[in-house]
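Take a look at the structure below.
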Amino acid sequence: MAESVVEGEGGDATRRDFIHIAAGAAAVGAVGMVVWPLINQMNPAADTLALASIEFDMTKVQEGQQVVIKWQGKPVFVRYRTPAELQRVIADDHASDLKEPQTDAERTKPGHEKYLVVLGNCTHLGCVPTFGTGDFGGWFCPCHGSHYDASGRIRKGPAPANLVVPEYEFVSDTRVKIG
Amino acid sequence: MSDHESTYVPKTAVEKWLDTRLPIVRFGADYMSLPTPKNLNYWWTFGGILALCLVTQIATGIVLAMHYVPNTELAFASVERIMRDVNGGDLIRYTHANGASMFFIAVYLHMLRGLYYGSYKAPREMIWIVGCVIFFLMIATAFLGYVLPWGQMSYWGAEVITNLIGAIPGIGEPILIWLRGGPAIDNATLNRFFSLHYLLPFVIAGCVVLHLWALHHAGQNNPVGILIPKDRAKKDMVPFHPYFTVKDGFAIILFLILFALFVFFMPNALGHADNYIPANPLQTPAHIVPEWYMLPFYAILRAVPDKFGGVLAMFGAIGVLFVLPWLDTSKVRSMRYRPTMRTFFVIFVVVGLLLGWCGAQLPDAPVVPGMPSFNLIDGQLNSYLWLTRFATLYYFAFFLVILPLVGLKEKPLPVPATISEPVLSGAEEQKG
């Protein structure tokens, strides 16, 4: 087709090519416009996106305890860490086996270091890790064997990243707002 | 089919009228008289068995959809209602659930038959590739269906498998949210999974039509693996009916006995007790495993320490099947005449079963309890992690190294010129 244009068999051939290409392009564009809403409908709906942030009363967590709350359909761990756990995670701040190096201070709020707030989904494939069974004094994911320390940092196993710290803030001394 | 001359003669006036307008009776009659290699063994009966499996799944599935409710609040209860209150509902659901397992037993044997007898080689590449598409669609359909009862295994299976897509660098996360319809697996996810689970079996049926079209165009392979010369057609072929309708029918009866054994006597043997616990997004079961037919691929996923790498390996394990026709360099189709390759094939089957076994174990658990071991890179050598890795290595080596190299190096046994020759031990056939 293109060759006939170059060799110029006459105005008709070029005009016909133009019509073919233009019609083809219009058809592709039209199909795209029709198909797009059919694909886009699968994206989160307005009510799903409108999920509000939640507030949580930190006094409900005792030292050495963890409370799991549901936020946007996902578990959030709120953990009140013991001094021994804190000491251990700070000592490990620059450990060589950290896949995603972060200090414990970077993962907590100043003045509230004893509280750790992380999403409760393993960064590997999303299972909920259990506390107290791993090799590093933190979480262990039963699905594929990822070990996290008490700061939620990945230390061993297939998970690529630390447990995610969601956006949150202390609205008062004892209340946090997640989201 | 293309070379097959129609022998159908319409007899009644209705048939004659129909034959000039829509020759559907002729189509069926031609199918029945299709010349078929006379040496097909029982490994060739799985095609018919698989057709039956697909029909069973569609029939039971349509009925189940009349009672099932795709809503996170109601799904689990609606499945229990099917089990307890719907007339014969327990039987229908157990048939559907075990039917999936039966479908996979049959498809794995069907694929191994193709692998052993070289059914994927020229001119049958398209039969094989369409078959691979069907296999992939089967996996997708089975996964979607397993989510619907909304039990613990359903939920966490969906979580883990959809997260595989999230592992794709860059575009993974937006695709993941698009697929789930929200930040987590929820009602939107369940609804679309139900919709797609209903759709895909019909896509599979469409692919089966292509599979059979390609099969009848290129002609069936046979255990000897040779292309049957035109002048031998009369001697080496028999009509499909009654010879293979009867043979397939007998195999189907045996298969249905196995099927019934599961449905009636151990309907939950292949399932997981955890799936009778309603889905809980806040707690993962201590030991999550996929259904048995996904275990080898699940094992391969876990064998790779890197997340995206694991996903690539798992999809690669299926993807490599698509290019199989070009990886095998041997001109001999049937492994009957390839003793070296046959050994590697047997090892491959064992490794496949081993991968399935490993997929069901905890990766850190020792293979031989109590045996002294040492740490190799990131795990004990005496652990399922390393056993899985060795097995995964063989799985890929079989396709990417062994098949190409053995085809070039081996010395195959003499291949008979006709399919009658090995049977008649040369008496008549030696001459010509």
Side-chain angles (χ1 to χ4, degrees), chain A residues 36 38-51 53 66-78 97 99-100 119-131 133-135 139-147 154-161 164 166-167 178-179, chain B residues 72 152 155-167 169 174-189 191-192 195-196 280-290 298-299 301-311 361-365 378-379 383-385:
Chain A
W36 174 245
L38 296 176
I39 293 172
N40 191 36
Q41 52 80 23
M42 278 175 70
N43 271 317
D47 61 336
T48 310
L49 289 173
L51 276 179
S53 54
Q66 167 177 310
V67 168
V68 184
I69 46 182
K70 199 172 161 186
W71 173 65
Q72 290 198 337
K74 293 175 182 180
V76 174
F77 295 155
V78 180
D97 61 358
K99 267 193 208 172
E100 191 194 351
L119 290 187
N121 292 110
C122 179
T123 56
H124 183 224
L125 295 172
C127 295
V128 180
T130 49
F131 193 84
T133 44
D135 293 353
W139 287 269
F140 174 71
C141 182
C143 293
H144 308 94
S146 290
H147 299 252
I154 180 67
R155 302 297 289 270
K156 187 181 156 190
V164 176
E167 262 187 47
I178 301 168
Chain B
T72 50
Q152 273 287 67
Y155 183 89
W156 291 102
E159 172 81 23
V160 166
I161 300 299
T162 51
N163 258 315
L164 296 180
I165 291 141
I175 293 180
L176 181 63
I177 289 174
W178 171 76
L179 197 70
R180 289 175 172 176
I185 302 272
D186 217 328
N187 202 43
T189 326
N191 265 296
R192 65 192 54 187
S195 170
L196 293 172
N280 177 3
L282 300 186
Q283 197 188 11
T284 309
H287 187 39
I288 72 159
V289 272
Y298 187 63
L301 165 79
R302 294 198 303 190
V304 183
D306 177 68
K307 182 173 167 183
F308 186 53
V311 175
Q361 309 302 317
L362 290 169
D364 289 341
D378 59 350
S383 70
Y384 281 101
L385 181 69

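All chains are named by letter (A, B, ...) in the order of the sequence lines, taking the proteins before the strands, and each is independently numbered beginning at 1.
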Least distance between heavy atoms, P281(B) atom then G73(A) atom: CB-O, 3.9 Å

At their closest point, which heavy atom of K74(A) faces which heavy atom of P183(B), and how far apart are they? CE-O, 2.9 Å

CE on M42(A) to CG on N191(B), rounded to 0.5 Å: 11.5 Å

From E159(B) CD over to C143(A) SG, what is the distance, rounded to the nearest 0.5 angstrom? 9.0 Å

Is chain A contacted by the side chain of [X], its backbone, both, or neither, given a heavy-atom distance below 4.5 Å?
{"X": "Y155(B)", "answer": "side chain"}
{"X": "A286(B)", "answer": "backbone"}
{"X": "I185(B)", "answer": "neither"}

Per side chain to side chain contact (heavy atoms under 4.5 Å, CB included), L125(A) is matched among T162(B), I161(B), N163(B) by N163(B)

Heavy-atom distance under 4.5 Å between the side chains of [X] and [Y], does that happen here?
{"X": "K307(B)", "Y": "T123(A)", "value": "no"}
{"X": "I288(B)", "Y": "P142(A)", "value": "no"}
{"X": "P160(A)", "Y": "D306(B)", "value": "no"}
{"X": "V160(B)", "Y": "H144(A)", "value": "yes"}
{"X": "T284(B)", "Y": "C141(A)", "value": "no"}
{"X": "L282(B)", "Y": "V128(A)", "value": "no"}

Specify which of H287(B), R192(B), R302(B) makes the most heavy-atom pairs with chain A at under 4.5 Å. R192(B)

Output the option from L49(A), T130(A), I39(A) having the highest count of non-hydrogen pairs under 4.5 Å with chain B. I39(A)

